[in-house]
Amino acid sequence: MDKKVRVRFAPSPTGPLHIGGVRTALYNYLFARQHGGDMLLRIEDTDSARFVPGAEEYIVEALNWLGIEIDEGIGVDAEGPHAPYRQSERKEIYKKYVNQLLDAGLAYYAFDTPQELDIMRGKVANFQYDASTRMEMQNSLSLSKSEVEERLTSGEKYVVRIKIEPNEDIVVNDLIRGEVIINSSILDDKVLYKSVDELPTYHLANVVDDYLMEITHVIRGEEWLPSSPLHVILYKYLGWEKEMPQFAHLPLLLKPDGNGKLSKRDGDRLGFPVFPLDWEDATTGTISKGYREAGYFPEAVINFLALLGWNNGTDQEMFTMQELIEQFSLERVSKSGAKFDYEKGKWFNHHYLQLKSNEEIADIFQHILVQKDIFEDFNKLTKIVGLVKERANFITDLWEQSSYFFVAPESYDEKTVKKRWKEDTPQEMTELATLLKGLDDFSAVNTEPIVKQWITDNSYNMGGVLNVFRLALVGAPKGVHLFDIAEIIGKEETLRRLNLAIERLSEE
RNA sequence: GGCCGAUUCGUCUAUCGGUUAGGACGCCAGAUUUUCAUUCUGGAAAGAGGGGUUCGAUUCCCCUAUCGGCUACCA
């Protein structure tokens, strides 16, 4: 019987969660759910220098908003069978395995300072700390036993490096890319542990934790592919070869224009969010926009992200989370990076907006209106939403599409005025006002035929009259069906706007 | 520079040796409409290049090119 599937999302709390990270989390989640397995959230804060307060909370909130549920670890409960889930709180655990490697002669102490290493890198082209150079460096392999002892006891800062045996082909079996073979000679003796903060580096920490937490599948970004042979070696050195998880390296999310990894700056430059939620940088105070605050529905973001690198082989484009869980497969994840197509993201949101009920949308839209000091009757609002929602991509677009329902025009579109406002217009509009004034039933089904009949009877120009009427009500050549507008704003307001337009536009 | 990975319309992608290379976003045109938008219909638009293998390559192999990732006491 196979082991229960267990995957983890392991971001480092160095800032807001990047949208690419969100996709990684999503794929992990889909995979776990599909196999009835567990999804863990682990915080990789082994770099004390890059720790950013609030980042962890942000990550939890973002996943929560998106409906990516965590079964174990951070954000669920402090305990859990493999607690703690914050690597900075697992120091003792790593220490034990560092010592194990040291004792077995598979790792060694190194005392070279960062400055000394920089000098070496400057001096020797393509310098690499490995079998070919390690004997020239300051470490427990090159130094005498007593000197090492002395340096250690004197409290000199050191680092523990893995001892890589050269000239071995390391095979990484990737679920997406197949076998990737890398020769160990190109690997350097990576730092596993640093005494400065008594913390391991990512490489050791992630292997130890994945083993201890019984992770069966490591699904992560492609940027980890080059270091995965190192991880394979680590599993071997630690004696966990049999328990080694399977790897799947996801293609990267690329900039919409040009090349390279999608970054925060692309969002600022091109005007779209690259983060799930708004994020305020504590030191600079600058705010990075998030999808939530930009008006996206979580299901739209999920759907959009899911398809950036995966498809089910058919023409289907709309997927609920449940369908994604059922249909997702690593085999169908593409190998090449995907450029981030923000326009398509908008289209997804438009689609999901149309799926919402008018009441649901009106409920949210109401909050936007209140901020503008507009308090509209909910039933009326629901009606308005039904009329304009198909024109919107976001609920926030609704205001632009419907403001004329709430406020009378302050100015009139010049081009339309020039084109439509003729010598006879004031007279026609006055007649129209009189006609409307006499109507009791102001519903569109009643007013429309009457007004049109009046136009015909007087041999007026249909388009001319109606467009000026629209101009009076809306102020611009836009908007929903004219008589619907009149119905909703009501007889009184319709007449008021009509007279206002006659007054203002006749002056000129 | 070295290593690894990738390469189908502008973009996301389908195709698992034989297709008029399909769909979607975006774009353009037409229809509908009192306006704008929506909607509908139609259109333009792709296998990086070169060698093989094969009766036949977008598909398999090799080379080149291009792009990307990694190359930290960062993840």
Side-chain angles (χ1 to χ4, degrees), chain A residues 10-14 21 44-47 49-50 110 112-114 117-118 121 125-129 157-161 172 174 176-177 180-183 185-188 190-197 199-203 205-206 220-229 249 251-252 254 256-261 304 307-318 332 334-348 350 354 388-392 401 413 416 420 448 451-452 455 461-471 474 476-483:
Chain A
S12 66
T14 52
E44 312 234 329
D45 53 351
T46 52
D47 185 357
R50 292 209 309 160
D112 318 271
T113 65
L117 288 170
D118 276 347
R121 291 191 188 103
N126 297 327
F127 170 77
Q128 184 167 290
Y129 209 121
K157 292 288 176 245
Y158 66 89
V159 89
V160 174
R161 288 180 180 273
V172 178
D174 188 280
I176 295 172
R177 290 150 212 283
V180 177
I181 300 167
I182 292 156
N183 192 280
S185 294
I186 65 124
L187 263 25
D188 59 345
K190 273 270 174 311
V191 170
L192 258 23
Y193 180 87
K194 48 223 155 85
S195 67
V196 232
D197 50 11
L199 246 21
T201 59
Y202 169 83
H203 304 292
N206 107 86
R220 71 219 316 187
E222 190 185 347
E223 68 267 29
W224 293 110
L225 193 51
S227 59
S228 54
H249 289 96
L252 264 17
L254 274 19
D257 60 342
N259 302 301
K261 236 195 317 191
F304 172 47
L307 255 36
L308 233 39
W310 174 86
N311 71 84
N312 74 348
T314 73
D315 288 340
Q316 183 180 354
E317 297 222 72
M318 306 310 302
R332 290 203 64 87
S334 55
K335 298 181 179 69
S336 50
K339 282 191 183 176
F340 196 77
D341 183 4
Y342 186 61
E343 287 302 321
K344 194 145 186 179
K346 285 201 254 187
W347 175 77
F348 272 108
H350 177 263
Q354 308 317 310
V388 302
K389 73 171 174 184
E390 68 183 13
R391 298 159 175 262
Q401 297 296 339
D413 181 67
T416 314
R420 303 289 189 186
E448 181 167 0
V451 170
K452 283 186 173 171
I455 292 171
N461 179 286
M462 184 73 75
V465 173
L466 292 178
N467 277 303
V468 177
F469 187 17
R470 174 179 296 279
L471 188 68
V474 179
K478 65 168 195 182
V480 302
H481 189 64
L482 186 53
F483 294 93

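Just so we're on the same page: letters track the sequence lines, and every chain starts at 1.
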Would you confirm whether A/Arg470, through its side chain, and A/Pro477, through its main-chain N or O, come within 3.5 Å as a donor-acceptor pair?
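Side chain of A/Arg470 to backbone of A/Pro477, a donor-acceptor pair under 3.5 Å: no, none is there.
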
Heavy-atom donor-acceptor pair, A/Gln401 side chain to A/Lys389 backbone, under 3.5 Å:
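Pair absent, no side-chain N/O of A/Gln401 close to backbone of A/Lys389.
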
Is a donor-acceptor contact shorter than 3.5 angstrom present between the side chain of A/His481 and the base of B/U33?
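It does not, because no donor-acceptor pair links the side chain of A/His481 to the base of B/U33 below 3.5 Å.
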
So, under a plain 3.5 Å distance rule, would you say the side chain of A/Arg470 forms a donor-acceptor pair with the base of B/U35?
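A donor-acceptor contact between them is present.
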
For the student: nearest non-hydrogen atoms of A/Glu317 and A/Lys344, plus distance:
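Smallest heavy-atom distance, with atoms named: OE1-NZ, 3.3 Å.
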
Search all heavy atoms of A/Thr46 against all heavy atoms of A/Ala205 and return the closest pair with its distance.
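Smallest interatomic distance, heavy atoms only, reads CG2-CB, 4.0 Å.
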
What residues, two or more places apart in sequence or in another chain, satisfy ring pair (Phe, Tyr, Trp, His ring centres under 6.0 Å) together with [X]?
X	value
A/Phe469	none
A/Trp224	A/Tyr202
A/His203	A/His231
A/Tyr129	none

Taking the same atom, [atom1], in [N] and in [M], what whole-Å distance lies between them?
N	M	atom1	answer
B/C63	B/C27	C1'	38 Å
B/A14	B/C9	P	12 Å
B/U8	B/A45	C1'	12 Å
B/C73	B/G49	P	42 Å
B/G42	B/U32	C1'	15 Å
B/U59	B/C40	C1'	37 Å
B/A6	B/G10	P	23 Å
B/C12	B/G26	P	15 Å

Among the nucleotides [options], which one has an atom lying closest to any side-chain atom of [X]?
X	options	answer
A/Asp341	B/G10, B/A14, B/U7	B/G10
A/Leu482	B/U34, B/C4, B/U13	B/U34
A/Ala338	B/C12, B/G23, B/U34	B/C12

Using both distances under 3.5 Å as the test, list the Watson-Crick or G-U wobble partner of [N], or none.
N	value
B/A29	B/U41
B/U54	none
B/A6	B/U66
B/U20	none

Tell me the interatomic distance from [X], atom [atom1], to [N], atom [atom2], rounded to whole angstroms.
X	N	atom1	atom2	value
A/Ile181	B/G5	CD1	C1'	14 Å
A/Glu317	B/C12	CD	P	13 Å
A/Leu308	B/C25	CG	P	16 Å
A/Ile176	B/G68	CD1	C1'	16 Å
A/Lys335	B/C16	NZ	P	14 Å
A/Phe340	B/U13	CZ	C1'	16 Å
A/Ile455	B/U34	CD1	C1'	8 Å
A/Glu390	B/U32	CD	C1'	13 Å

Classify [X] by what it touches in the nucleic acid, base, sugar-phosphate, or nothing, heavy-atom distance under 4.0 Å.
X	result
A/Val388	nothing
A/Glu343	sugar-phosphate
A/Arg391	base
A/Gly309	sugar-phosphate
A/Gly479	base
A/Arg420	nothing

Can you find a side chain N or O atom of A/Thr314 that sits less than 4.0 Å from OP1 or OP2 on B/A14?
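For B/A14, OP1/OP2 do not have a side-chain N/O of A/Thr314 under 4.0 Å.
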
Are OP1 or OP2 of B/A14 and a side-chain N or O of A/Asn311 less than 4.0 angstrom apart?
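For B/A14, OP1/OP2 do have a side-chain N/O of A/Asn311 under 4.0 Å.
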
Taking protein heavy atoms under 4.0 Å as touching, what does nucleotides 69-75 of chain B look like 5' to 3' if B marks base contact, S marks sugar-phosphate-only contact and - marks none?
BS--BBB

Suppose we screen for side-chain hydrogen bond (donor to acceptor under 3.5 Å, both in side chains). Which residues come up paired with A/Asn312, at least two apart in sequence or across chains?
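With neighbours one apart ignored, the set is A/Thr314, A/Gln316, A/Gln327.
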
Just by distance, no angles: are the side chains of A/Glu448 and A/His481 close enough, under 3.5 Å, to form a donor-acceptor pair?
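Side-chain D/A pair, A/Glu448 to A/His481: present.
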
Given RNA chain B, 5'-ward residue of the pair A/Trp347 and A/Pro477, judged by closest heavy atom:
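The residue whose closest nucleotide sits nearer the 5' end is A/Trp347.
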
